Amino acid sequence: MSNVEHKECFGKMFPDDLHLKHNAPNEGKVFTVRLNTVGGMLPTTSERSIKINIEQWDDCRQCSEFDSCYKLCIARVTLESTIVNQ
């Protein structure tokens with residue numbers, strides 16, 4: 001187990017893909033995803049959007065842990081998308 005202390009935001013640039021809420025912002029430190037649905041008998045996702053917080057991205061880029069954090073974020077998103085698509 002690692003004894004390295006990381007910032008609280010470490011690995012949290014993207015929202016959690018496994019627990020996305022509909023009709024609400026799903027926020028990560030940098031990226032926010034919104035899935036809007038329309039009601040009825042069979043609700044469907046009608047609009048998807050992504051927002052990028054450039055100020056937070058710039059903050060991340062200045063962080064000494066950026067490379068490691070970004071790699072962890074990408075690994076997590078890859079694994080989450082594999083699970084979601086099963």
Side-chain angles (χ1 to χ4, degrees):
M1 189 155 182
S2 174
N3 291 332
V4 176
E5 297 241 356
H6 297 287
K7 292 173 72 174
E8 185 178 325
C9 56
F10 189 79
K12 298 179 182 175
M13 288 184 202
F14 301 97
D16 177 358
D17 285 344
L18 298 179
H19 303 98
L20 293 176
K21 297 171 275 181
H22 289 264
N23 301 319
N26 297 278
E27 297 180 353
K29 181 173 188 238
V30 176
F31 301 95
T32 299
V33 172
R34 187 170 177 101
L35 305 172
N36 290 329
T37 58
V38 290
M41 293 292 285
L42 298 171
T44 59
T45 301
S46 62
E47 181 183 335
R48 297 173 176 102
S49 64
I50 297 171
K51 290 188 179 176
I52 302 168
N53 185 325
I54 296 298
E55 288 178 19
Q56 290 299 322
W57 177 253
D58 290 341
D59 182 61
C60 288
R61 295 279 297 141
Q62 297 302 314
C63 180
S64 62
E65 294 189 291
F66 175 77
D67 288 337
S68 177
C69 179
Y70 184 75
K71 288 175 185 176
L72 177 61
C73 289
I74 293 300
R76 191 190 90 209
V77 166
T78 302
L79 183 57
E80 287 173 350
S81 60
T82 299
I83 292 169
V84 167
N85 290 317
Q86 291 301 313

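For reference, positions follow the sequence shown, starting with 1. Note: hydrogens, waters and symmetry copies are ignored here, and every other heavy atom, side chains too, is used. From a predicted model like this one, the values you see are computed outputs, not experimental measurements.
- Taking NE2 of His22 as the reference point, atom CG of Leu35 lies at 5.5 Å (rounded to 0.5 Å).
- At least one donor-acceptor pair under 3.5 Å links the side chain of Asn26 to the backbone N or O of Ala24.
- Met13 is listed as a side-chain neighbour of Trp57, based on a closest heavy-atom distance under 4.5 Å.
- Not a single donor-acceptor pair under 3.5 Å links the side chain of Arg34 to the backbone N or O of Lys51.
- Looking only at side-chain heavy atoms (C-beta outward), Glu5 and Phe10 stay at 4.5 Å or farther from each other.
- When all heavy atoms are compared, the tightest approach of Glu65 to Lys7 is OE1-N, 3.5 Å.
- A 6.0 Å sphere centred on CG of Leu79 holds more than 12 heavy atoms belonging to other residues, nucleotides or ligands.
- Here Asp16 contributes atom CG and Glu27 contributes atom CD; the two are 13.5 Å apart, rounded to the nearest 0.5 Å.
- Applying the side-chain contact (heavy atoms from CB on, under 4.5 Å) test between Glu55 and each of Asp58, Asn53, Ile52, Asp59 identifies Asn53 as the sole match.
- Counting only heavy atoms from C-beta outward, the side chains of Val33 and Phe14 never approach each other to under 4.5 Å.
- Contact record, Cys69 with Gly11: SG-N, 3.1 Å, taken as the closest heavy-atom pair.
- Residues Tyr70 and Val77 share a hydrophobic cluster, clusters being chains of Ile/Leu/Val/Met/Phe/Trp/Tyr side chains in contact below 4.5 Å.
- Leu72 and Val4 fall into different hydrophobic clusters, where Ile, Leu, Val, Met, Phe, Trp and Tyr residues are linked whenever their side-chain heavy atoms come under 4.5 Å apart, directly or through other members.
- Taking both residues in full, the closest heavy atoms of Arg76 and Pro15 are given as NH2-O, 2.9 Å, listed atom of the first, atom of the second, then distance.
- Here the SG-NE2 distance, from Cys63 to His6, works out to 10.5 Å after rounding to the nearest 0.5 Å.
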